[in-house]
Amino acid sequence: MEIIFLWIRDYPPFEENKFTFNGRFNVNFNKDEEAKTIAINITENQSFPQNFFGNTITNISCLIGKNGSGKTRLIDFLKSIKTEPWYSIHDYLQITYDRVRKEFGVHHNLYQAANNTPPDQINTGDESYEININLPDGFGNATKGYCKNSQTVYYTPFLDLKNFPTRIDTKPYVDVSTDFLVITDRDSSSKDNPDVLEIHRFKNIERQFEFVHKFQDNHAVNKIIAIPEGIEVYSLEQRSDQHWGHNLTHSAKEVRAYFIGNGTPKRRGVIFDRLHDIGGDIYQLNQEKSAESDKYRALEFEKTRLYFLEGFIHHYFAAWNSENHWRNLDIGIDLNEFEGMGPWDACRHFVTREQWTRDNGASALKFLNMLDELLTTENSKISSFTNNRTVQTNNQTLVLNLLRKQEDYFKSLPSNSGAAKTYDVIQIDWRNLSSGEKAYLDLFSRLNYAYTELKKREIDKYTQVSPPTEWLYLFID
């Protein structure tokens with residue numbers, strides 16, 4: 001059921017305006033205030049192309065105007081027609097078209113009936129105006145009354161400060177706007193977490209993962225939207241070491257230097273030493289024309305794992321370095337304890353011995369272990385041998401859990417300043433998607449969520465039986 005025309009008055013910034021949403025039908029609307037009559041004449045544009053958007057999409061209408069002209073206000077009004085009592089809405093008249101039944105519908109709130117009268121119990125005698133409708137040849141009657149058997153989905157990606165973080169009551173339409181999801185995601189979370197934006201971030205990632213998993217092999221959907229080939233996880237580049245140690249104790253500096261050096265050629269650290277050895281082995285294999293061998297790929301993967309570990313070490317000590325009040329804390333670990341350990345095991349041993357984080361390294365260890373689980377040939381592959389800080393994976397569950405472990409690790413740092421002055425250890429991105437395609441992915445993943453919500457909801461409260469939803473309005477702001 002398509003909206004083809006709307007008349008409203010006394011709805012700022014609109015005093016009295018008419019809007020046409022369809023090129024197929026021309027609507028001539030004349031209101032005589034003295035005679036209290038409204039004459040509506042509908043004609044058909046014969047040259048308008050039929051089924052231009054296919055059989056499932058009736059029409060797409062765009063609201064175009066400068067900032068502050070009322071585009072969002074108009075969408076809010078269209079939502080209110082479906083969701084608010086008729087007597088609480090500003091004066092309006094809306095015309096819809098049902099292309100299956102070839103019928104027009106006239107819906108308005110120009111009544112003299114009592115405010116608590118349901119729309120389906122209002123008759124023609126209650127109308128404030130005598131409404132006469134002239135239809136084009138070949139079309140059925142124009143029906144009046146409440147628009148039944150339809151649902152509305154509302155989407156907007158931005159966070160509107162006027163609606164956040166005020167509690168939003170359950171709406172009779174499906175709301176997948178950022179404003180609404182921020183609140184509903186928080187309410188649906190089982191974790192006692194006051195950070196509503198963090199909860200929303202993870203829930204939105206879940207919605208995208210669910211959509212990709214559901215439609216990645218659907219050729220019809222792939223023609224409409226680009227489905228990503230996988231997820232890229234990358235370690236951030238090494239940060240500047242110019243002032244890395246001014247707040248670290250001698251023992252902390254020694255442990256950091258053991259892993260990644262102290263900035264001098266004499267002390268490069270075990271990670272760099274191993275990377276140097278791997279580089280020599282790879283060079284030798286290239287000389288032997290063995291760049292496609294299993295040994296070559298294993299060396300490249302080991303190099304990638306070391307780069308990710310290096311990123312963690314940089315992050316860990318950068319956060320520590322930002323905490324002035326930990327300047328005198330001794331790690332209490334002897335470098336001899338690392339003897340016989342590889343870099344990863346030595347790092348695990350270290351984080352379980354330090355006394356700096358709130359949980360004595362427990363969250364850091366869980367994050368390290370899950371990162372190591374990702375960096376295996378069973379769960380990921382190197383995106384490019386020219387960039388060993390990036391891996392590609394299709395294990396969405398593991399990535400989501402890894403991001404959560406990273407957040408837990410951040411929270412284990414002694415104060416917010418430690419986390420705020422450092423960057424993420426890892427970040428994720430969809431592989432081979434442009435920014436525009438990511439916006440589409442966000443939209444379609446929310447629509448998929450809206451579809452599941454529609455399945456759960458009761459149909460129109462004004463109907464005595466519960467027929468299936470026949471029409472769906474999608475408002476995108």
Side-chain angles (χ1 to χ4, degrees), residues 1-3 6 8 11 21 57-63 70-86 88-90 92 94 96 107 146-190 193 195-211 214 225 438-463 466 468-477:
M1 188 172 294
E2 178 186 0
I3 301 173
L6 176 69
I8 56 176
Y11 181 70
F21 299 102
I57 300 177
T58 304
N59 192 25
I60 297 176
S61 301
C62 298
L63 302 178
K71 301 183 295 295
T72 297
R73 286 279 289 170
L74 186 57
I75 290 178
D76 288 341
F77 189 86
L78 290 170
K79 290 189 297 180
S80 68
I81 293 175
K82 272 291 297 174
T83 61
E84 303 295 335
W86 65 270
S88 68
I89 310 174
H90 294 264
Y92 81 94
Q94 175 185 264
T96 60
H107 319 288
Y146 190 75
C147 183
K148 300 180 180 180
N149 302 347
S150 65
Q151 292 284 357
T152 298
V153 174
Y154 174 64
Y155 165 84
T156 183
F158 60 83
L159 188 65
D160 193 338
L161 296 181
K162 72 180 181 180
N163 293 327
F164 179 83
T166 307
R167 180 178 180 274
I168 306 175
D169 292 326
T170 301
K171 294 181 172 67
Y173 59 91
V174 179
D175 194 337
V176 290
S177 66
T178 299
D179 277 323
F180 189 70
L181 289 180
V182 163
I183 303 301
T184 55
D185 288 344
R186 177 203 63 188
D187 293 343
S188 64
S189 176
S190 58
N193 186 353
D195 191 341
V196 293
L197 291 180
E198 178 192 324
I199 295 173
H200 170 68
R201 173 180 170 236
F202 283 114
K203 289 286 187 179
N204 222 38
I205 293 173
E206 284 183 10
R207 282 185 282 267
Q208 293 190 20
F209 282 179
E210 180 182 348
F211 176 82
K214 184 176 181 180
I225 177 176
K438 291 174 188 175
Y440 271 118
L441 178 60
D442 177 68
L443 169 60
F444 277 85
S445 64
R446 296 196 195 192
L447 293 181
N448 180 58
Y449 168 77
Y451 174 79
T452 60
E453 289 297 306
L454 283 171
K455 291 292 187 180
K456 301 176 185 177
R457 298 197 173 195
E458 294 181 356
I459 307 301
D460 202 304
K461 64 181 179 181
Y462 296 114
T463 58
S466 296
T469 299
E470 296 181 4
W471 306 102
L472 176 66
Y473 294 116
L474 173 60
F475 296 140
I476 300 178
D477 189 0

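All values derive from a computational prediction rather than experimental measurement.
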> Between CD1 of I81 and NE2 of H107, what distance do you get to the nearest 0.5 Å?
Replying inline: 9.0 Å

> Which atom names give the shortest non-hydrogen contact between S80 and I89, and what distance separates them?
Replying inline: O-CD1, 3.3 Å

>> Before you tell me yes or no, could you show the steps for R73 and D76 under salt bridge (Lys or Arg N to Asp or Glu O under 4.0 Å), namely the whole-Å CA-CA distance, both residues' side-chain angles and the distance that decides it to 0.1 Å?
In response: CA-CA 5 Å; R73 286 279 289 170; D76 288 341; 5.7 Å; no

>> According to ring-ring contact (aromatic ring centres under 6.0 Å, His included), who are the partners of Y11, at least two apart in sequence or on a separate chain?
In response: F77, H90

> If you take all heavy atoms of D185 and I199, which pair is closest and at what distance?
Replying inline: O-CG2, 3.5 Å

>> I'd like to know if D442 pairs up with R446 as an ion pair, taking the criterion as any Lys NZ or Arg NE/NH1/NH2 lying under 4.0 Å from an Asp or Glu carboxylate oxygen.
In response: yes

> Which distance, rounded to the nearest 0.5 Å, do you find between the CZ of F209 and the CZ of F202?
Replying inline: 10.0 Å

> Which value, rounded to the nearest 0.5 Å, describes the distance between F21 atom CZ and I60 atom CD1?
Replying inline: 14.5 Å

> For I75 and Y154, what are the C-alpha separation, side-chain angles and deciding distance, and is it a side chain to side chain contact (heavy atoms under 4.5 Å, CB included)?
Replying inline: CA-CA 9 Å; I75 290 178; Y154 174 64; 3.7 Å; yes

> What do the steps show when you test D175 against S177 for side chain to side chain donor-acceptor pair (under 3.5 Å), and what is the final call?
Replying inline: CA-CA 6 Å; D175 194 337; S177 66; 2.7 Å; yes

>> Run the ring-ring contact (aromatic ring centres under 6.0 Å, His included) test against Y440 and tell me which residues pass, sequence neighbours left out.
In response: none

>> Tell me whether the NZ or CZ atom of R207 lies within the 45° cone about the ring axis of Y449 and under 6.0 Å from its centre.
In response: yes

> What heavy-atom pair brings L63 and K71 nearest, and what distance separates the two atoms?
Replying inline: O-CD, 3.4 Å

>> Using 0.5 Å steps for rounding, measure from the CG atom of D179 to the NE2 atom of H200.
In response: 9.5 Å

> Does the side chain to side chain contact (heavy atoms under 4.5 Å, CB included) test come out yes or no for L74 and L6, once each step is laid out?
Replying inline: CA-CA 10 Å; L74 186 57; L6 176 69; 3.7 Å; yes

